[in-house]
Structure formats: C-alpha cells, structure tokens
Trainee: 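After the structure tokens below, expect a handful of questions from me.
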Amino acid sequence: QTVEILHDNGVKIVGAVEGVQGKEFADLVLLSDVKIYDKDDKLIDEKPTWEYVPGLEMKVEIKKNLYSPYKVAFERYGDSPEGVAWMSKYTQEKRFEQISKIIDDKGTDGKPFDMLDVGCGFGHLADYLTSKGYSFGYVGIDNFVDYVDACIRKDIMAVEGDATALDKEFAENSFDYVIASGIFNLKPVPSLETTISNMWKIARKGIAFNFLTIPFRLIFFMLVQLV
C-alpha cells in the first residue's frame, strides 16, 4: 500500500507502508522505497526504509485495517500461519496445544462445548481442534474484516469486533470457553485488564490466553524500528 504524506511546508513523502504504530492516529509509520519531493515536486532524496514520526503539525489518520502489519501479512501469505504473522504452523499450533488444555472434554459425550476465539484470524484454532477430534461450537471475532470474511468463506462463524469491547458484543456466560492466542503480542497491547475481565464475564467454564513469543514478523518490525 503506497501512501503520500504532505507537509504544510509543501514537502511530500511517498513510500510503501510496511507497518504502523498507533490507534486512532499514527505515532510511527514504517515506510520502504521512500521518495521525498520538495514543494515544486522535485525529487530531493530517496531512502530504502524510513521510520516516519508525524509531528504536531500533521497527523496521519489510520483508516481501520488500512496499514496494519496484519494487512501486509494477509496480502502476502493468504490463509496460512504466516498470513496472521506467525513464523510457522509449528509455532502457531504449539500455542493451540497449550491453550486447548483448558478444555475438560472433547465434546464426545453428545454435548459439544462452545467457544469464542478472540483475534481469530483465519479460524485456524477451529481447524486445529477439528483435526484433533473435538466436537464443538465455534465463533471467532477479529477487528480485521478481511480475516472475518475469509472465515465466513470457509463456513467458520466469525464476526468483526474489538477485543476490548467483548461485553458489548456478547452477553454474560455466552460461551463455555473464551480463548485468545496472540492478541497480547500486539504493539500497542490491547487493554489487558479490560479484555481479560470481559473474557471472564462471557465465559461459563474458563478462559485461556498467552503471552508467548511475539510473532516473528512483528519482532522483525520492532527490531527494524530499534536500529
């Protein structure tokens, strides 16, 4: 996704967006293939990568889902662990293996459990549990609408929504289990207290979440910013 950033002094910055930090507004924009033009549209500089920090004179409003690292992963890798910014299927499923230990049965007694997957991505947790023989009802929620649409195309129930507002989306005790794998690896981190409290409210049996290693491509993104 290419963006043009125009300063009040006429300087124009053009580059491909690799990632953004910030919520309503961008605090930092990571660009590649950057070209800088003066007010007369003359090229004055080029940079392979650049960390652009909007000043007080200008803020770059982030349209929902427009420049997130997950949009980049989605477009580059599609329906795969890498498409939700995990390094591999192995690392993704190791998280699923640990998180699924909270489930006290496989729903094999004729009474399947139901669950909410917060930050569901492509619904890979549903795929994993199915492959392990679980019988369950599943709903995913994600704030990136492209993931939600991808789930629906796979006949996986999913809705668009915010992890910090689960209590507005679902009534108390709506699901046996509420799961969140990877959402607390984001930077900025979603509100821990609010999100976990709301997960607890809407769960009947238990909740599970992790703080394991940050996904590889997000590590790379942050390391680039520190160089």
Side-chain angles (χ1 to χ4, degrees), residues 68-70 73-74 77 79-109 111-144 147-148 150-152 154-167 169-170 172-219:
S68 77
Y70 288 102
F74 178 91
Y77 303 105
D79 188 354
S80 67
E82 293 82 2
V84 285
W86 289 108
M87 185 169 62
S88 67
K89 184 175 182 179
Y90 173 82
T91 57
Q92 183 189 51
E93 291 195 346
K94 289 302 289 183
R95 274 72 171 174
F96 293 163
E97 178 185 338
Q98 295 302 315
I99 271 184
S100 63
K101 290 179 179 179
I102 192 176
I103 300 169
D104 58 13
D105 62 72
K106 287 193 172 185
T108 55
D109 58 358
K111 297 180 181 179
F113 62 86
D114 57 16
M115 66 182 303
L116 176 68
D117 183 10
V118 183
C120 63
F122 289 102
H124 292 158
L125 177 57
D127 295 335
Y128 172 82
L129 293 175
T130 298
S131 73
K132 299 299 181 182
Y134 288 85
S135 178
F136 60 98
Y138 176 93
V139 177
I141 184 170
D142 205 293
N143 65 359
F144 184 25
Y147 287 142
V148 173
C151 285
I152 293 171
K154 295 165 58 177
D155 293 324
I156 295 174
M157 177 64 184
V159 296
E160 183 182 4
D162 189 338
T164 63
L166 295 176
D167 59 331
E169 300 283 347
F170 306 101
E172 290 189 18
N173 303 316
S174 292
F175 301 91
D176 290 323
Y177 303 103
V178 181
I179 307 296
S181 180
I183 69 169
F184 299 126
N185 298 332
L186 294 171
K187 190 177 181 180
V189 174
S191 172
L192 296 178
E193 182 178 351
T194 300
T195 302
I196 294 171
S197 175
N198 287 335
M199 289 172 65
W200 187 255
K201 287 178 184 177
I202 63 178
R204 289 189 291 268
K205 292 185 177 181
I207 67 175
F209 51 90
N210 56 36
F211 299 93
L212 299 180
T213 304
I214 296 172
F216 173 76
R217 286 178 175 80
L218 294 186
I219 289 178

Trainee: Is there a side-chain contact between Phe175 and Met115 (heavy atoms, below 4.5 Å)?
Mentor: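 SC-SC contact between Phe175 and Met115 ruled out.
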
Trainee: Contact between Val159 and Phe170 at the side-chain level, heavy atoms closer than 4.5 Å - yes or no?
Mentor: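 Side-chain contact under 4.5 Å: yes.
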
Trainee: Using 30° and 60° as the class limits, which term best fits the ring planes of Phe136 and Phe113: parallel, tilted or perpendicular?
Mentor: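 If you compare the ring of Phe136 with that of Phe113, the planes turn out parallel.
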
Trainee: Rounded to the nearest 0.5 Å, what separates atom CD in Glu82 from atom NZ in Lys89?
Mentor: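 The NZ atom of Lys89 is 10.5 Å from CD of Glu82, to the nearest 0.5 Å.
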
Trainee: Using only atom types and a distance under 3.5 Å, with no angle test, would you say the side chain of Ser197 pairs donor to acceptor with the backbone of Thr194?
Mentor: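 Checking the backbone N and O of Thr194 against the side chain of Ser197, no donor-acceptor pair under 3.5 Å is found.
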
Trainee: What class does the angle between the rings of His124 and Phe122 fall in, given that below 30° is parallel, 30 to 60° is tilted and above 60° is perpendicular?
Mentor: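 Geometry flag for Phe122 against His124: parallel rings.
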
Trainee: At their closest point, which heavy atom of Gly121 faces which heavy atom of Cys151, and how far apart are they?
Mentor: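 Looking at all heavy atoms of both residues, the shortest contact is O-SG, 3.2 Å.
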
Trainee: Evaluate the side-chain proximity of Asn198 to Val178: yes if any heavy-atom separation is below 4.5 Å, no if none is.
Mentor: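 Sidechains of Asn198 and Val178: no contact.
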
Trainee: Mind checking the OH-CG spacing from Tyr128 to Asp117? Nearest 0.5 Å is all I need.
Mentor: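 The CG atom of Asp117 is 13.5 Å from OH of Tyr128, to the nearest 0.5 Å.
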
Trainee: For Asn143 versus Glu160, what's the shortest heavy-atom pair and its separation?
Mentor: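 Where Asn143 meets Glu160 most closely, the heavy atoms are O-OE2, 4.1 Å.
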
Trainee: Write down the atom of Ala158, the atom of Cys120, and the distance for their closest heavy-atom approach.
Mentor: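 Closest heavy-atom pair between Ala158 and Cys120: CB-SG, 4.3 Å.
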
Trainee: CD1/Ile196 to OG1/Thr164 distance, rounded to the nearest 0.5 angstrom?
Mentor: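 It is 12.5 Å, given to the nearest 0.5 Å.
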
Trainee: Rounded to the nearest 0.5 Å, what separation is found between the OG atom of Ser88 and the NZ atom of Lys94?
Mentor: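 Interatomic distance, Ser88 OG to Lys94 NZ, rounded to 0.5 Å: 11.0 Å.
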
Trainee: Got a second to check how far Ser174's OG is from Ile202's CD1, nearest 0.5 Å?
Mentor: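 These two atoms lie 6.0 Å from each other.
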
Trainee: Specify the closest pair of heavy atoms between Ile99 and Ala180, including all atoms of both residues, with the distance to one decimal.
Mentor: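 So the minimum-distance heavy-atom pair works out to CD1-O, 3.8 Å.
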
Trainee: Check whether any side-chain heavy atom of Ile103 lies under 4.5 Å from a side-chain heavy atom of Asp176, and answer yes or no.
Mentor: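 No. Closest side-chain heavy atoms not under 4.5 Å.
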
Trainee: For the atom pair OG1 (Thr91) and CD (Glu93), what is the distance rounded to the nearest 0.5 Å?
Mentor: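 Answer rounded to 0.5 Å: 9.5 Å.
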
Trainee: Provide the closest heavy-atom pair for Ile183 versus Gly119 in the form atom of the first, atom of the second, distance.
Mentor: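 Shortest heavy-atom separation between Ile183 and Gly119 comes out as CG2-CA, 3.8 Å.
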
Trainee: Evaluate the side-chain proximity of Arg95 to Trp86: yes if any heavy-atom separation is below 4.5 Å, no if none is.
Mentor: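 Yes. Closest side-chain heavy atoms under 4.5 Å.
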
Trainee: Any non-hydrogen side-chain atom of Ile141 less than 4.5 Å from a side-chain atom of Glu169?
Mentor: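 The answer is yes; the side chains approach within 4.5 Å.
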
Trainee: Please report the shortest heavy-atom distance between Asp142 and Val148, naming the atom on each side.
Mentor: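 Result for this residue pair: O-CG2, 3.7 Å.
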
Trainee: Do the non-hydrogen side-chain atoms of Ser100 and Leu129 ever get within less than 4.5 Å of each other?
Mentor: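 The answer is yes; the side chains approach within 4.5 Å.
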
Trainee: For the side chain to side chain contact (heavy atoms under 4.5 Å, CB included) test, which of Lys201, Arg204, Lys205 pairs with Asn173?
Mentor: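 Between Asn173 and the candidates, side chain to side chain contact (heavy atoms under 4.5 Å, CB included) is satisfied uniquely by Arg204.
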
